[in-house]
Chemist: 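One structure is given below, represented as structure tokens, and several questions about it will come after.
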Amino acid sequence: MKNKKLLAAAMAAIMVAMAGCGGQKQEETQKAVTSGAENRESDGTSASEGSNEEKSSQEELEDVTVILDYVANTNHTGMYVALDQGYYEDQGLNVKIIEPTEGATATLISVGKGDFGISYQEDVTVALASKDPLPIKAIAAIVQHNTSGFATYADKDIHSPKDFEGKTYAGWGGPGEEAVLKAVMEKEGADFSKLNMVISDGSGFAALKDKADIMWFYEGWDVVKCKMSDFPINYMELRQLDQRLDYYTPVIIAGNKVLEEKPEMVKKFLKATAEGYEYAIANPEDSAVILQKYAPDYPLDMLQMSQEYLSSKYMEDADTWGTMKDSVWDNYTEFMNEYGVIDKVIPAADCYTNEFLPE
């Protein structure tokens with residue numbers, strides 16, 4: 001009951017937040033492809049003729065929509081690089097990247113509101129294990145390993161899940177959140193029933209001082225913000241607490257209909273996207289500059305620090321970008337089933353595919 005109330009409150013909060021921020025950058029997400037009139041005139045082409053040629057060229061491109069999981073950040077850098085550098089256009093695609101405005105991304109993708117979306121292994125598994133499974137599948141892992149963990153304010157002397165008893169955890173009410181906390185506490189011999197769980201008020205890391213004791217952070221984003229602000233924290237990496245928690249987050253998903261009806265478009269999209277992430281791996285500083293064009297609210301130095309960390313994680317111990325393994329999917333699926341997040345085990349083959357990734 002506690003988890004259901006948290007989840008209901010979280011969904012309400014998410015809907016309010018999305019309504020406020022969803023349209024913020026949609027106008028900025030599509031790369032403008034224009035040439036100056038002077039350049040056209042220099043080769044004997046009039047401005048009007050050039051405009052007609054551009055219009056014709058744009059009409060030949062296939063429209064593709066990508067729905068993010070949240071506002072633009074360094075998880076998404078490779079796509080913005082592909083957009084900015086023309087990799088999508090080279091594949092004949094006119095890609096538009098938008099933020100979710102009407103609900104959860106997985107649901108939007110399942111009903112055809114977008115061609116591709118950014119989600120998480122947890123959400124995909126829950127969606128497929130539900131009574132009415134969503135017709136979606138993961139097609140690429142953006143990051144090879146889980147880069148999240150639990151953070152506490154350094155002065156509170158909380159160093160492991162064993163110290164969570166009697167403390168307050170502020171989260172977002174996700175379906176697997178309680179299960180993860182219970183698992184890592186039980187592993188350390190702590191009593192999960194003594195942890196107080198509340199929904200975060202959105203005030204960020206500063207809440208660790210006086211409103212909460214524990215929060216779930218992403219190292220390439222939240223931990224970077226703490227470093228930039230000289231805010232001291234203790235950080236516990238999830239995959240070090242339990243190897244089953246080293247799941248894929250985030251992933252790119254698509255609807256089954258798109259995969260069945262437009263396989264070549266999917267391959268072209270992933271080819272260009274892979275090129276974008278490969279560029280970000282090789283050029284983290286320049287990639288942060290590109291990302292800031294689409295996420296201007298964030299300071300460049302913060303994006304560069306985040307990008308420097310995350311660029312090394314996109315293909316960590318993998319030969320190619322985006323590839324996924326059965327073992328990772330199976331380990332976390334079994335974990336979710338064991339802790340009652342889902343009531344049946346979903347085969348890895350039903351959850352993801354590598355078939356559309358470039359060879």
Side-chain angles (χ1 to χ4, degrees), residues 66 68-70 72-82 87 105-106 116-125 136-150 174 176 180 216-224 235-254 266-267 269-284 287-288 291 303 305-336 348-349 351-359:
V66 180
L68 299 181
D69 51 331
Y70 191 53
N73 58 64
T74 45
N75 279 338
H76 315 128
T77 302
M79 292 184 294
Y80 284 108
V81 168
Y87 299 158
T105 299
F116 304 102
I118 308 303
S119 189
Y120 318 93
Q121 180 176 337
E122 175 188 13
D123 287 3
V124 172
T125 305
I136 59 172
K137 187 169 282 189
I139 57 173
I142 290 179
V143 182
Q144 277 297 308
H145 292 280
N146 190 340
T147 60
S148 69
F150 294 120
V180 169
W216 195 323
F217 277 8
Y218 280 85
E219 192 167 351
W221 197 251
D222 304 294
V223 174
V224 166
Y235 179 71
M236 292 155 264
E237 194 174 10
L238 268 187
R239 60 174 166 163
Q240 298 299 324
L241 298 177
D242 188 325
Q243 64 179 4
R244 297 174 299 176
L245 302 180
D246 190 15
Y247 54 88
Y248 295 117
T249 174
V251 296
I252 298 177
I253 62 172
V266 177
K267 290 179 181 179
F269 173 79
L270 287 182
K271 184 177 188 303
T273 301
E275 290 175 358
Y277 279 99
E278 288 164 2
Y279 181 100
I281 291 168
N283 307 280
S287 297
L291 176 62
L303 292 178
M305 183 181 290
S306 174
Q307 196 62 61
E308 190 67 41
Y309 166 81
L310 206 53
S311 284
S312 66
K313 303 297 180 181
Y314 293 138
M315 277 179 56
E316 185 180 1
D317 66 32
D319 294 330
T320 56
W321 175 84
T323 188
M324 292 176 280
K325 301 175 183 177
D326 282 3
S327 58
V328 176
W329 280 89
D330 289 339
N331 282 343
Y332 192 56
T333 297
E334 290 168 5
F335 170 86
M336 296 173 77
C351 300
Y352 87 95
T353 179
N354 289 325
E355 67 178 292
F356 299 99
L357 291 169
E359 298 178 358

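Because the structure is a prediction, the values reported are computed rather than measured.
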Chemist: Under the 3.5 angstrom rule, does the side chain of Asp246 hit a backbone N or O of Arg239 as a donor-acceptor pair?
Modeler: no
Chemist: So which atom in Phe116 and which in Ala254 form the shortest heavy-atom distance, rounded to 0.1 Å?
Modeler: CD2-CB, 3.8 Å
Chemist: Tell me the closest heavy-atom pair linking Ile142 and Trp321, and the distance in Å.
Modeler: O-NE1, 3.4 Å
Chemist: Hey, does the side chain of Tyr248 reach the backbone of Lys325 with a donor-acceptor pair shorter than 3.5 angstrom?
Modeler: yes
Chemist: Which pair of non-hydrogen atoms, one from Trp216 and one from Ser148, has the smallest distance, and what is that distance?
Modeler: NE1-OG, 2.9 Å
Chemist: Using a 4.5 Å cut-off on heavy atoms from C-beta on, say whether the side chain of Tyr309 contacts that of Val223.
Modeler: no
Chemist: How close do Glu308 and Pro284 get, heavy atom to heavy atom, and via which atoms?
Modeler: OE1-CG, 3.6 Å
Chemist: So, for Thr74 and Gly220, which heavy atoms are closest and what is the spacing to 0.1 Å?
Modeler: OG1-O, 4.1 Å
Chemist: Identify which one of Thr323, Asp326, Thr125 satisfies the side chain to side chain donor-acceptor pair (under 3.5 Å) criterion when paired with Tyr352.
Modeler: Asp326
Chemist: Which distance, rounded to the nearest 0.5 Å, do you find between the CE of Met324 and the CD1 of Ile252?
Modeler: 9.0 Å
Chemist: Working to the nearest 0.5 Å, report the span between CD of Gln121 and CE of Met336.
Modeler: 8.0 Å
Chemist: Side chains of Ile139 and Thr353: does their closest heavy-atom pair fall under 4.5 Å?
Modeler: yes
Chemist: Can you see which heavy atom on Ile253 is nearest to which on Ala106, and at what distance?
Modeler: CD1-CA, 3.8 Å
Chemist: For the atom pair OG1 (Thr105) and OH (Tyr120), what is the distance rounded to the nearest 0.5 Å?
Modeler: 7.5 Å
Chemist: Within the structure provided, determine whether Val81 and Tyr87 are in side-chain contact (heavy-atom separation under 4.5 Å).
Modeler: yes
Chemist: Looking at Gly176, is its backbone amide N or carbonyl O close enough to the side chain of Glu122 to form a donor-acceptor pair, meaning the two atoms are under 3.5 Å apart?
Modeler: yes
Chemist: Aromatic rings Tyr332 and Phe335: how do their planes relate, parallel, tilted or perpendicular, breaks at 30° and 60°?
Modeler: parallel
Chemist: Does any part of the side chain of Asp69, heavy atoms only, come nearer than 4.5 Å to the side chain of His76, both counted from C-beta?
Modeler: yes
Chemist: Counting C-beta onward and ignoring hydrogens, is there a side-chain heavy-atom pair between Thr77 and Leu310 closer than 4.5 Å?
Modeler: no
Chemist: Cut-off 3.5 Å, side chains only: do Tyr218 and Thr249 have a donor facing an acceptor?
Modeler: yes
Chemist: Flag yes if more than 12 heavy atoms outside Asp319 fall under 6.0 Å of its CG atom; otherwise flag no.
Modeler: no
Chemist: Donor-acceptor pair, Ser311 side chain versus Ala280 backbone, under 3.5 Å?
Modeler: yes
Chemist: Could you tell me whether Glu237 atom CD has more than 12 heavy atoms of other residues or ligands within 6.0 Å of it?
Modeler: yes
Chemist: So, Thr273 side chain and Met79 main chain: donor-acceptor pair closer than 3.5 Å or not?
Modeler: no
Chemist: Flag the pair Tyr235 / Phe217 as yes when their ring centroid distance falls below 6.0 Å, and as no otherwise.
Modeler: no
